[in-house]
Protein chains: 2
Amino acid sequence: MPKIVNRDERRREIAEALLRVIANAGIEAVSVRSVAAEAGISAGAVQKYFATKEDLLRFAFTLTGEYLLQRWERVEGSGPFLDVLRRHLLEALPLDEQRRAELIVVFAFTARAATLPDWAAQLRDSYDAAQVTTTAFLEAGQDSGDVRTDVPADRLADLVIVLADGFSARMLHTPPGSPAHERLLDTLDLALTDLLAPR
Amino acid sequence: MPKIVNRDERRREIAEALLRVIANAGIEAVSVRSVAAEAGISAGAVQKYFATKEDLLRFAFTLTGEYLLQRWERVEGSGPFLDVLRRHLLEALPLDEQRRAELIVVFAFTARAATLPDWAAQLRDSYDAAQVTTTAFLEAGQDSGDVRTDVPADRLADLVIVLADGFSARMLHTPPGSPAHERLLDTLDLALTDLLAPR
DNA sequence: GACTTCGGAATACATCTGTATCTTATCCGC
DNA sequence: GCGGATAAGATACAGATGTATTCCGAAGTC
């Protein structure tokens with residue numbers, strides 16, 4: 001009978017190689033051959049798992065979304081409400097090489113989504129999901145008296161998501177350890193308390 | 001003697017064609033030939049003005065920065081302080097097709113800067129310039145009593161820039177005229193007053 | 001009016017691209 | 001151990017790409 005391989009596992013390995021290529025050399029450097037080389041297999045093997053380059057890119061795109069969700073599941077959920085929220089937000093920032101690499105990929109894919117309608121739809125779905133869960137989270141904070149109630153939770157969720165996008169974009173181009181980097185982290189705390197704390 | 005042509009003007013025309021290609025079909029669709037077709041000239045002519053594709057991309061990159069500065073110069077500078085600031089911020093958002101196209105380009109270039117060191121340096125310079133002018137502007141607001149003084153102006157400038165990046169990213173993927181779009185504009189006002197107004 | 005000089009176009013060429021096809025190697029059930 | 005199914009690799013191929021080179025035409029000066 002045939003040689004047995006874990007097909008899903010293999011697809012993930014190849015997609016992760018693709019993400020490494022983007023993180024190292026940009027999305028322009030992505031080709032079937034470059035990804036195969038990064039994965040340590042032949043270009044022909046890649047074709048066995050992804051019929052087209054577009055399939056491969058799409059699969060990797062959804063993969064990045066799952067990564068962030070997985071990290072969020074591991075975040076410590078106890079302690080003061082705003083601290084918990086802050087920890088979730090920090091998970092989305094490029095504070096180490098791993099997250100920096102992921103963010104480069106997300107940026108490349110976001111730019112791609114700006115001109116490809118089906119990619120845009122997928123990105124919109126991700127935003128909607130983030131909006132729903134963030135709103136629910138903030139409503140809980142309102143109920144427990146940790147979050148201001150003079151503004152609807154969905155507006156506050158907008159703010160949190162915007163802050164995440166804005167700070168990650170800015171910090172992606174600010175060397176970690178630099179004064180500007182530290183200042184931005186401080187500023188994030190300032191924004192969170194000023195915008196969300198009861199007044 | 002030779003045929004006379006405005007060389008700088010011609011270079012700008014070609015670069016603008018490049019920007020249109022990106023806005024319509026993404027940076028992956030950029031090739032010497034596609035840009036030449038968009039500009040209505042031959043590929044050979046493009047080579048006369050830009051020795052390499054990289055030169056062309058670089059020139060267009062700096063061009064986008066200048067566009068935003070030019071729009072800012074035309075912003076009405078009278079009226080309440082926060083309104084003036086708000087008008088400047090709105091200029092960076094994708095509120096019409098023109099600005100939406102520019103933002104797609106900026107996103108593509110930002111992603112590119114994540115892996116090309118010299119592009120990153122140029123982008124950092126732009127951020128630094130924005131930081132300096134925004135800080136000066138906010139300091140003036142502090143002096144006139146229109147901006148809170150319990151936080152240094154440079155922190156507030158961080159916030160304004162982060163909000164600009166965050167909202168533009170989010171609105172790029174939110175159809176204009178949709179409820180979410182309107183809500184985001186409202187939320188921006190909320191953030192500006194809550195973060196900047198004297199308390 | 002011929003000549004020179006450069007803009008613009010066309011062509012050439014080596015390389016890279018995605019994808020299709022073909023060949024070899026590997027593993028499992030019998 | 002061996003046959004057959006399937007993974008992995010190699011090869012093929014048409015098209016696109018960046019860039020170098022060549023050719024043509026127009027414009028202004030002598």
Side-chain angles (χ1 to χ4, degrees), chain A residues 1-61 105 108-109 111-112 115-116 118-119, chain B residues 1-61 105 108-109 111-112 115-116 118-119:
Chain A
M1 289 283 174
K3 184 174 175 179
I4 301 295
V5 304
N6 186 334
R7 211 173 159 75
D8 289 344
E9 176 76 18
R10 214 95 177 76
R11 282 168 65 93
R12 254 213 14 244
E13 285 175 19
I14 296 173
E16 282 172 4
L18 163 57
L19 299 183
R20 286 197 299 276
V21 170
I22 295 182
N24 291 329
I27 198 171
E28 301 178 44
V30 170
S31 72
V32 176
R33 287 165 177 82
S34 67
V35 172
E38 177 70 34
I41 61 178
S42 74
V46 172
Q47 291 183 275
K48 288 283 152 63
Y49 292 94
F50 297 97
T52 71
K53 178 185 177 181
E54 191 62 29
D55 287 346
L56 172 51
L57 280 167
R58 189 58 165 274
F59 184 83
F61 182 26
V105 171
F109 284 168
R112 199 178 154 81
T115 51
L116 293 181
D118 44 342
W119 283 62
Chain B
M1 289 279 178
K3 187 174 171 179
I4 299 294
V5 76
N6 186 335
R7 206 169 166 77
D8 291 343
E9 177 77 18
R10 216 91 179 78
R11 283 168 65 95
R12 254 214 11 244
E13 285 175 19
I14 296 173
E16 282 173 4
L18 164 61
L19 300 183
R20 287 197 300 275
V21 170
I22 295 182
N24 291 329
I27 198 170
E28 302 177 43
V30 170
S31 73
V32 177
R33 288 166 177 81
S34 67
V35 172
E38 177 69 34
I41 59 178
S42 75
V46 173
Q47 289 182 279
K48 286 277 152 73
Y49 292 93
F50 297 98
T52 70
K53 177 185 176 179
E54 191 61 28
D55 286 345
L56 173 51
L57 280 168
R58 189 58 163 275
F59 184 82
F61 182 25
V105 171
F109 284 167
R112 198 177 156 83
T115 51
L116 294 180
D118 44 343
W119 282 61

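Predicted, not measured: the structure shown is a model, and the values here were computed from it. Reminder, nothing fancy here: chain letters follow the sequence lines and each chain counts from 1.
The salt bridge (Lys or Arg N to Asp or Glu O under 4.0 Å) check on A/Arg33 picks up nothing, with sequence neighbours excluded. Here A/Arg11 pairs with nothing under the salt bridge (Lys or Arg N to Asp or Glu O under 4.0 Å) rule; sequence neighbours left out. By the side chain to side chain donor-acceptor pair (under 3.5 Å) test, B/Ser42 pairs with no residue at all, sequence neighbours left out. Applying the side chain to side chain donor-acceptor pair (under 3.5 Å) test to B/Gln47 and every residue at least two apart in sequence or in another chain returns nothing. Listed by chain and number, the residues in a ring-ring contact (aromatic ring centres under 6.0 Å, His included) with B/Tyr49 amount to none (sequence neighbours excluded). Not a single side chain to side chain donor-acceptor pair (under 3.5 Å) links B/Asp8 to another residue, sequence neighbours left out.
One interatomic measurement links the two molecules: CD of A/Gln47 to C1' of C/dT23, which rounds to 15 Å at whole-angstrom precision. The distance from atom CG of B/Asp55 to atom C1' of D/dT19 is 12 Å, rounded to the nearest whole Å. Regarding A/Asn6, its CG atom lies at a distance of 17 Å from the P atom of D/dT6, rounded to whole Å. Distance B/Leu56 CG to D/dT19 P: 10 Å, rounded to the nearest Å. Straight-line distance from the NZ atom of A/Lys48 to the P atom of D/dT11: 15 Å, rounded to whole Å.
Annotation: ring-ring contact (aromatic ring centres under 6.0 Å, His included) contacts involving residues 17-36 of chain B, sequence neighbours excluded, are absent. For residues 14-39 of chain B, no pair satisfies ring-ring contact (aromatic ring centres under 6.0 Å, His included), with sequence neighbours left out. Screening residues 44-59 of chain B for salt bridge (charged side-chain N to carboxylate O under 4.0 Å, His left out) gives B/Glu54-B/Arg112, B/Arg58-B/Asp118 as the qualifying pairs, with residues at least two apart or on separate chains.
Heavy atoms of B/Phe50 sit nowhere under 4.0 angstrom from any nucleic acid atom.
Between A/Glu16 and A/Arg12 a salt bridge is recorded (basic side-chain N to carboxylate O distance below 4.0 Å).
Nearest nucleotide to the side chain of B/Ala45, out of D/dA20, D/dA8, C/dA9: C/dA9.
Nearest-nucleotide positions on DNA chain D place A/Arg10 closer to the 5' end than the other of A/Arg10 and B/Glu54.
Considering all non-hydrogen atoms of both residues, A/Val35 and A/Val21 come closest at CA-CG2, 4.3 Å.
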Heteroatom pairs (N/O) under 3.5 angstrom, protein to nucleotides 14-18 of chain C:
from, atom 1, to, atom 2, distance (Å)
C/dG18, OP1, A/Lys53, NZ, 2.9
C/dG18, OP2, A/Val32, N, 2.9
C/dG18, N7, A/Arg33, NH1, 2.8
C/dG18, O6, A/Arg33, NH2, 2.8

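In the region residues 37-44 of chain B, proximity to DNA chain C at under 4.0 angstrom, judged on heavy atoms, holds for B/Ile41, B/Ser42, B/Gly44.
Taking side-chain N and O atoms only, A/Tyr49 has no distance below 4.0 Å to OP1 or OP2 of D/dA7.
Overall, the helix from C/dG1-D/dC30 to C/dC30-D/dG1 carries an axis bend of 10° between its ends, with five pairs at each end and the value rounded to 10°.
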